[in-house]
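For reference, the structure discussed in these notes is given below.
As the structure lists them, so they are numbered: ligands from 1, and atoms in each ligand from 1.
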Amino acid sequence: MKTEEMKKQNRRTVMVIFGATGDLTHKKLMPALYNLLKRDLLPEDFHVIAVGRQEKTSESYRQEISQSIADNIYGELKPELFGALAEKTVYHRQDFSEDAGYTKLKEIIGEDADVMYYLAVAPQAFEVIIGKLGEHGMQAHDSGFRRVVIEKPFGADLKTAEYLNEKINAVFPEKDIYRIDHYLGKEMLQNIIILRFANAIFEPIWNKNYIDNIQITSSEDIGVGSRGGYYEHSGALRDMLQNHLLQLLSLTVMEPPRSLSEDDIRIEKLKVLRSLNDRLDSIETVRGQYGAGEINGKTIAAYRDQEKVDAESDVETFVATKMYLNTGRWQGVPIYIRTGKALKEKTTEVVIELKETPYSHYFPDQTLKPNLLVIKIQPEEGMVVRFCAKSPGALNQVVPVGMDFCQNCQTGVNSPEAYERLLHDVMRGDATLFTRWEEVEASWIFADRIKAEWDKQKPDFPNYAPGSWGPKAADELLRKDGRRWWVSQTGEI
Ligand code: BG6
């Protein structure tokens, strides 16, 4: 549904946030709602019911969120705008398993309304909340929608994800389940489709005939911090690769969809994940865990010394993989992905390395640098095309030059945050940027296989220094193939 249509309907729309006092609500959801209001993208009759277990009044809750919105938006908080959001926000205290709380909640929601339930809670609470919504008939409606938005992690492996899915499906139909992968809300992920399919300079070369390899780097320059309790059950494989990075890969390599409709894109993304699973036996991996050290002058404790982390933890804070897709388009093209905490830079980018031309013999004394297409997801958003040119003056001296398109470099350009786009899509009923069950299932098959291989051998952790690019073995993974990792942030491209 278009925004104008949604607004014109002027229906009462209620967003119920379970986990209202948590980090996600404070840092992402509330700032996103504020920005949506600022951009006039919320329904006219919009309300937030913030559900939490702590004792608070609506007034004290509003004060807390005013601070977190101010801390997490670009620019100054405008008091009148915040006032308009605060006025529509009430705090409701309840335990997630307590029936009386749901009876009251149902009353506050009211009769004739569109409702989205947002589960910004620890995964252990998903089942009980969904179950209670079902028992209290809060998924049922005569008019208006009832949608449920679920944060990751969706299960901890295929088995637990299947179990959770069954529980949710028993209450909500698949079309009303919105599984969030916030990477899909990032501007440049959506831009990949445009770059690939709206440009005659890129579309014809997007295959094994021209592309030598594909690389994805998603690195963070901070450690696990206070999230050790969660991270001990996840690790880099399940925290980043199983979801965000496989989604990013799918968009990068999928076949042209029949149209840009939700269904057509999902079909193509799913084919990528399944064809990846057809080649599970060819996956090579490197895992790592950071020790103590420094990142950009700041001291950081070893992962094992982090709060709520086992002193002998074998959980990986870094993973690199090499894999192939079982499709004609990508036959023989290696795909390398790496992600980790406490690395040199915060960056996410896709690098497409092109093959050599058949004319390198024209330049017998020089090693030509390969052509690269870099899709910069964050913190800079844009694209770099690196190609060869003659060095001015020098006789046939070839140098790499870059054309750099930076979408968010100019001041004043402020791309909407991923959560703004995603919340707006849930309200409009557009699930294109959410993951469907089959994709979750295929991604877990992939991750489970890697985990099963790892479980056969104890790793030698810690094995990389903070502020580096991870374990040496991750560089070796490419070096043995005569390749190397590229990353534009460091100015090497
Ligand atoms: C989350 C992970 O899903 O994504 C975090 O749980 C990670 O561990 C975060 O830090 C990275 O998101 P972004 O948008 O900062 O790249």
Working note: Glu284 + Tyr336, criterion side chain to side chain donor-acceptor pair (under 3.5 Å); need CA distance, chi angles, decisive distance, verdict. CA-CA 9 Å; Glu284 291 174 51; Tyr336 304 99; over 6 Å; no
Whether Tyr290 side chain and Ser468 backbone form a donor-acceptor pair below 3.5 Å: no
Should the pair Asp114-Arg147 be classified as a salt bridge under the 4.0 Å nitrogen-to-oxygen rule? no
Contact region, Tyr231 to ligand 1, non-hydrogen atoms below 4.0 Å, reads neither
Testing the 3.5 Å rule here: is there a donor-acceptor pair between the side chains of Asp157 and Thr160? yes
Any N or O of Arg227 closer than 3.5 Å to N or O of ligand 1: yes
Going by the atom numbers of ligand 1, which of them fall below 4.0 Å from some non-hydrogen atom of Lys186? 13 (P), 14 (O), 16 (O)
Less than 4.0 Å between a side-chain N and a carboxylate O, is that true for Lys451 and Asp448? no
Quick one: which of Lys28, Arg238, Glu220, His244 has a heavy atom closest to atom 1 (C) of ligand 1? His244
Looking at Glu268 and Lys271, is there a salt bridge between them, counting it only when a charged N and a carboxylate O are closer than 4.0 Å? yes
Numbering the atoms of ligand 1 from 1, which are under 4.0 Å from a heavy atom of Lys152? 1 (C), 2 (C), 3 (O), 6 (O)
Numbered in order shown, the ligand 1 atoms found under 4.0 Å of a heavy atom of Tyr183 are 12 (O), 13 (P), 14 (O), 16 (O)
In terms of relative ring orientation, are His244 and Tyr183 parallel, tilted or perpendicular, with 30° and 60° separating the classes? parallel
Nearest to atom 12 (O) of ligand 1, what protein heavy atom do you find, and at what distance? His182 NE2, 3.2 Å
Numbered atoms and elements of ligand 1 in range of Lys341, under 4.0 angstrom, heavy atoms: 5 (C), 7 (C), 8 (O), 10 (O)
Can you sort out which atoms of ligand 1 are near Gln378, meaning under 4.0 Å from one of its heavy atoms? 13 (P), 14 (O), 16 (O)
Run the numbers for me: atoms of ligand 1, each under 4.0 Å from some heavy atom of Lys346, listed by number. 13 (P), 15 (O), 16 (O)
Does some non-hydrogen atom of Asp239 fall short of 4.0 Å from ligand 1? yes
Salt bridge (Lys or Arg N to Asp or Glu O under 4.0 Å) between Arg179 and Glu174, worked out: CA-CA 10 Å; Arg179 297 179 195 80; Glu174 177 70 19; 2.9 Å; yes
